Amino acid sequence: MSEKNNGPVRFAVVGVGQISQQAFIPGLSRIDDAELAALVTSSAEKAEELGQEFGVATYSYEEYPALLSSGDIDAVYVATPVFRHREFAEPALKAGLHVLLEKPMEVSVEDCQAIIDAANTSGATLMVAYRLHQEPGTVDMIEKVRDQKVIGNPRYFSSVFSQDITEENHRGHSGYWGGPIPDMGTYPLNEVRNLFDAEPIAVHAVGVRTPGREFNFDDTVAVTLRFPEDRVAQFTISYASESAERFTIAGTEGEITAEPCFGFGEGVGISYTLTKDGNSESFAHDPVEQFGGQTQYFVDCIRNGEQPEPSGEEGLLDTRVHEAVLRSLETGETVTLEPYERERRPTSAQVRRVSPADEPEDDELVDQVPQNG
């Protein structure tokens, strides 16, 4: 952290859309040693209304370099559309400012690596915002499968995750990288990578477009992943159906089914059922402030000089699969990936239990088309 500031970590929020207004900023308010210091937005309405509401300075995107050199912030939270992540993360890291970067990390492995290189060069802390890596129920499942082997040898994973996204929201017209696989597919992909404690070696995808919808991408996509040791994972993601979220992981000695498993909110607690030998046991975790928890962990890493577990490497590994899904959709072929082993995985040491914050309703958002209409 900047030697000029011994107080709370001062955050600038870059991209003041729904996720920032409805989740990150309320979650930040639950953290004692962090505070909102600036907003960066292309919307004059957001700058005026939210700047006054929170009592912070506002900057346009064009004024971003001036903010980075101002000495008024210690960290940035980047929540722009994914194809603009590098544009804002890389210069912040080069300026020695810490970066909490929304997932997916970027639109190519090359862009992800450039962001990682900037952090390595400056020594600033980079973390990709995998909020579930600090959520107690999710990490509990990962450790049960990985360390305790409660389901034996994991063999397959199956998941669905869908929402009915309004086409007027920016997600509806930003192409593949604003569509369902990078946006929502990141959740089951990241979940199975950590449950299997392995990286996929082959990717195949099939996409369709729902009649009557005007998205400029495949709005429903089914993905099959092959992992080492002949393990397989499948998930279906949709922007054009009733909301659904669940997954099952089955092993040689049992299975875990989770629902809800990917969402967040004041009343959302991750729950799952473990079935072995014909007997089922349910585990329910109280709701926590997921965005506040991830921010607290990020701040703790900054203060302790530690590298966060959901690092740039974690973001890059998801992005390389998203790239492969796109190639498979374009060619109809299975795409192979080079074998890769990641040394770090989520552990209970990084769980943070922060009480849920009050979230603005959709109709309270400033200059924003809500994603669910």
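The structure presented is a predicted model; accordingly, all values stated were derived computationally and were not measured. Excluded from the calculations below are hydrogen atoms, water molecules and symmetry mates; all remaining heavy atoms, backbone and side chain alike, are included. One-based numbering along the sequence shown.
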Chemist: Checking Lys149 now: which residues fulfil salt bridge (Lys or Arg N to Asp or Glu O under 4.0 Å) with it, not counting sequence neighbours?
Modeler: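 In terms of salt bridge (Lys or Arg N to Asp or Glu O under 4.0 Å), with neighbours along the sequence ignored, Lys149 is linked to no residue.
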Chemist: Do the side chain of Ser20 and the main chain of Gly15 share a donor and acceptor less than 3.5 angstrom apart?
Modeler: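 The answer is yes, because a donor-acceptor pair under 3.5 Å joins these two groups.
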Chemist: Do Val192 and Leu274 share a hydrophobic cluster (ILVMFWY, side-chain heavy atoms under 4.5 Å, transitive)?
Modeler: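 Cluster IDs for Val192 and Leu274 match.
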Chemist: Output the distance between atom CD (Glu135) and atom CD1 (Ile142), rounded to the nearest 0.5 Å.
Modeler: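 So the gap between those two atoms works out to 9.5 Å.
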Chemist: Treating His133 as the side-chain partner and Val139 as the backbone partner, does any N or O pair qualify as donor plus acceptor under 3.5 Å?
Modeler: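 Checked: no pair found.
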Chemist: Can you see whether Asp362 engages Gln22 through a side-chain donor-acceptor pair at a distance of less than 3.5 angstrom?
Modeler: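 Yes.
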Chemist: Which residues satisfy the ring pair (Phe, Tyr, Trp, His ring centres under 6.0 Å) test with Tyr156, sequence neighbours excluded?
Modeler: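 Ring pair (Phe, Tyr, Trp, His ring centres under 6.0 Å) check on Tyr156 returns nothing, list empty.
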Chemist: With heavy-atom distances below 4.5 Å as the criterion, would you say the side chains of Gln18 and Leu365 are in contact?
Modeler: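 SC-SC contact between Gln18 and Leu365 confirmed.
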Chemist: Could you check, using the six-membered ring where one of them is a Trp, whether Phe247 and Phe235 have ring centers closer than 6.0 angstrom?
Modeler: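 No; Phe235 has its ring centre 6.0 Å or more from that of Phe247.
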Chemist: I'd like to check the ring pair (Phe, Tyr, Trp, His ring centres under 6.0 Å) partners of Phe83; sequence neighbours left out, ordered by chain and number.
Modeler: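 Phe83 satisfies ring pair (Phe, Tyr, Trp, His ring centres under 6.0 Å) with no residue once adjacent residues are dropped.
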Chemist: Can you tell me how far the CZ atom of Arg320 sits from the CD atom of Gln113, to the nearest 0.5 Å?
Modeler: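 Going from CZ on Arg320 over to CD on Gln113, the span is 12.5 Å.
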Chemist: Among Gln134, Gln294, Arg344, Lys103, exactly one meets side-chain contact (heavy atoms from CB on, under 4.5 Å) together with Pro310. Which residue is that?
Modeler: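 Output: one option passes, namely Gln134.
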Chemist: Look only at the side chain of Glu35 and the backbone of Pro8, and say whether a donor-acceptor pair between them is shorter than 3.5 Å.
Modeler: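 Pair absent, no side-chain N/O of Glu35 close to backbone of Pro8.
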Chemist: For Phe283, check ring pair (Phe, Tyr, Trp, His ring centres under 6.0 Å) against everything at least two apart and list the hits.
Modeler: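 Scan of Phe283 (ring pair (Phe, Tyr, Trp, His ring centres under 6.0 Å), adjacent residues dropped) gives Tyr272.
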Chemist: Whether Glu90 and Lys94 form a salt bridge (side-chain N of Lys/Arg under 4.0 Å from carboxylate O of Asp/Glu) is what I want to check.
Modeler: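 Looking at Lys94 and Glu90, the cut-off is met.
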Chemist: Checking ring pair (Phe, Tyr, Trp, His ring centres under 6.0 Å) between Phe24 and each of Tyr77, Phe298, Phe291, which is the one that passes?
Modeler: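 Answer after filtering Tyr77, Phe298, Phe291: Tyr77.
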Chemist: Are the side chains of Pro26 and Pro360 in contact, using a 4.5 Å heavy-atom criterion?
Modeler: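 Of all side-chain heavy-atom pairs linking Pro26 with Pro360, at least one is under 4.5 Å.
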Chemist: Provide the full list of salt bridge (Lys or Arg N to Asp or Glu O under 4.0 Å) pairs with a residue in residues 189-210, sequence neighbours left out, each pair given once.
Modeler: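 Salt bridge (Lys or Arg N to Asp or Glu O under 4.0 Å) check on residues 189-210 returns Arg193-Glu199, Arg193-Glu314, Arg193-Asp318, Asp197-Arg345, Glu199-Arg345, Arg209-Asp218.
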Chemist: When you compare the side chain of Met105 with that of Ile116, does any pair of heavy atoms fall below 4.5 Å?
Modeler: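 Yes. Closest side-chain heavy atoms under 4.5 Å.
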Chemist: Residues two or more places apart in sequence or in another chain: which of them pass salt bridge (Lys or Arg N to Asp or Glu O under 4.0 Å) with Glu359?
Modeler: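 By the salt bridge (Lys or Arg N to Asp or Glu O under 4.0 Å) rule, Glu359 matches no residue at all.
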Chemist: Stepwise, does the salt bridge (Lys or Arg N to Asp or Glu O under 4.0 Å) test hold for Arg213 with Asp219?
Modeler: CA-CA 9 Å; Arg213 304 302 291 267; Asp219 59 57; over 6 Å; no
Chemist: Identify, with sequence neighbours excluded, every residue that meets side-chain hydrogen bond (donor to acceptor under 3.5 Å, both in side chains) alongside Asp367.
Modeler: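 Listed in chain order: Ser43.
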Chemist: Measuring from Met184:CE to Ser162:OG, what's the distance to the nearest 0.5 Å?
Modeler: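 Between Met184 CE and Ser162 OG, I get 6.0 Å after rounding to 0.5 Å.
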Chemist: Among the clusters formed by ILVMFWY side chains lying less than 4.5 Å apart, do Phe215 and Val208 turn up in the same one?
Modeler: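 Unlinked, Phe215 and Val208 end up in two clusters.
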Chemist: Go through Val76 and Phe88 one step at a time and tell me if the side chain to side chain contact (heavy atoms under 4.5 Å, CB included) criterion holds.
Modeler: CA-CA 9 Å; Val76 299; Phe88 295 99; over 6 Å; no
Chemist: For Glu306, give me all partners under salt bridge (Lys or Arg N to Asp or Glu O under 4.0 Å), at least two apart in sequence or on another chain.
Modeler: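 Result, salt bridge (Lys or Arg N to Asp or Glu O under 4.0 Å) vs Glu306: none returned.
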Chemist: Could you go through the side chain to side chain contact (heavy atoms under 4.5 Å, CB included) check for His322 and Trp177 one step at a time?
Modeler: CA-CA 9 Å; His322 296 326; Trp177 288 101; 3.6 Å; yes
Chemist: Within the structure provided, determine whether Leu225 and Leu189 are in side-chain contact (heavy-atom separation under 4.5 Å).
Modeler: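 The answer is yes; the side chains approach within 4.5 Å.
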Chemist: Under a 3.5 Å threshold, yes or no: a donor from one side chain and an acceptor from the other, between Thr138 and His285?
Modeler: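 Not at all, the side chains of Thr138 and His285 share no donor-acceptor pair under 3.5 Å.
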Chemist: Counting only N and O atoms by type, is there a donor-acceptor contact under 3.5 Å from the side chain of Arg327 to the main-chain atoms of Glu333?
Modeler: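 Answer holds: no.
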Chemist: Residues in ring pair (Phe, Tyr, Trp, His ring centres under 6.0 Å) with Phe161, at least two apart?
Modeler: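 Phe161 satisfies ring pair (Phe, Tyr, Trp, His ring centres under 6.0 Å) with Tyr187, Phe262 only.
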Chemist: According to ring pair (Phe, Tyr, Trp, His ring centres under 6.0 Å), does anything in residues 188-208 pair up with another residue at least two apart or in another chain? List the pairs.
Modeler: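 Listed by first then second residue: Phe196-Phe227.
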Chemist: For residues Ile201 and Pro228, determine if any side-chain heavy atom of one lies less than 4.5 Å from a side-chain heavy atom of the other.
Modeler: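 A side-chain contact under 4.5 Å exists here.
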Chemist: Just how far is it from atom OG1 of Thr186 to atom OH of Tyr130, taken to the nearest 0.5 Å?
Modeler: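 OH of Tyr130 is found 6.0 Å from OG1 of Thr186.
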Chemist: Report yes or no: do Ile249 and Val232 belong to one cluster of Ile/Leu/Val/Met/Phe/Trp/Tyr joined by side chain heavy-atom distances under 4.5 Å?
Modeler: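 In one cluster with Ile249: Val232, no.
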Chemist: If you measure from CG on Asn120 to CD1 on Ile115, what distance do you get to the nearest 0.5 Å?
Modeler: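 With rounding to 0.5 Å, CG (Asn120) is 12.0 Å from CD1 (Ile115).
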Chemist: With heavy-atom distances below 4.5 Å as the criterion, would you say the side chains of Arg353 and Pro136 are in contact?
Modeler: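 They are in side-chain contact.
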Chemist: Cluster question for you: counting only ILVMFWY and a side-chain heavy-atom cut-off of under 4.5 Å, with indirect links fine, are Tyr61 and Leu97 together?
Modeler: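 Hydrophobic grouping puts Tyr61 with Leu97.
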Chemist: List the steps and the verdict of side chain to side chain contact (heavy atoms under 4.5 Å, CB included) for Val16 and Gln21.
Modeler: CA-CA 6 Å; Val16 193; Gln21 292 186 47; 3.9 Å; yes
Chemist: Does Arg30 use its side chain to pair, donor to acceptor, with the backbone of Ser355 at less than 3.5 Å?
Modeler: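 Yes, Arg30 side chain to Ser355 backbone: donor-acceptor pair under 3.5 Å.
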Chemist: Are Leu50 and Ile25 close enough that some pair of their side-chain heavy atoms sits under 4.5 Å apart?
Modeler: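 SC-SC contact between Leu50 and Ile25 ruled out.
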Chemist: Counting only N and O atoms by type, is there a donor-acceptor contact under 3.5 Å from the side chain of Glu245 to the main-chain atoms of Gly263?
Modeler: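 Judged by distance alone, yes, a pair lies under 3.5 Å.
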Chemist: Return the SG to CG distance between Cys112 and Asp117, rounded to the nearest 0.5 Å.
Modeler: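 Nearest 0.5 Å value for the SG-CG distance: 11.0 Å.
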Chemist: With hydrophobic residues grouped by side-chain heavy-atom distances under 4.5 Å, do Ile19 and Tyr297 end up in a single group?
Modeler: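 Same cluster.
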Chemist: Would you say Ile165 and Pro180 make side-chain contact, with heavy atoms under 4.5 Å?
Modeler: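 No - every pair of side-chain heavy atoms lies 4.5 Å or more apart.
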Chemist: Which residues satisfy the salt bridge (Lys or Arg N to Asp or Glu O under 4.0 Å) test with Asp147, sequence neighbours excluded?
Modeler: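 Asp147: no salt bridge (Lys or Arg N to Asp or Glu O under 4.0 Å) contacts found.
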Chemist: Using the side-chain contact (heavy atoms from CB on, under 4.5 Å) definition, which of the options Thr257, Thr275, Thr273 pairs with Thr248?
Modeler: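 Exactly one pass, corresponding to Thr257.
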Chemist: Thr252: what forms a side chain to side chain contact (heavy atoms under 4.5 Å, CB included) with it, not counting sequence neighbours?
Modeler: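 Listed in chain order: Asn153, Arg155.
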Chemist: Answer yes or no: is there a donor N or O on one side and an acceptor on the other, between the side chain of Asn216 and the main chain of Gly175, under 3.5 Å?
Modeler: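 Judged by distance alone, yes, a pair lies under 3.5 Å.
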Chemist: Looking at Ser328 and Ala205, would you say the former's side chain and the latter's main chain have a donor-acceptor pair under 3.5 Å?
Modeler: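 Pair found, side chain donor or acceptor close to backbone of Ala205.
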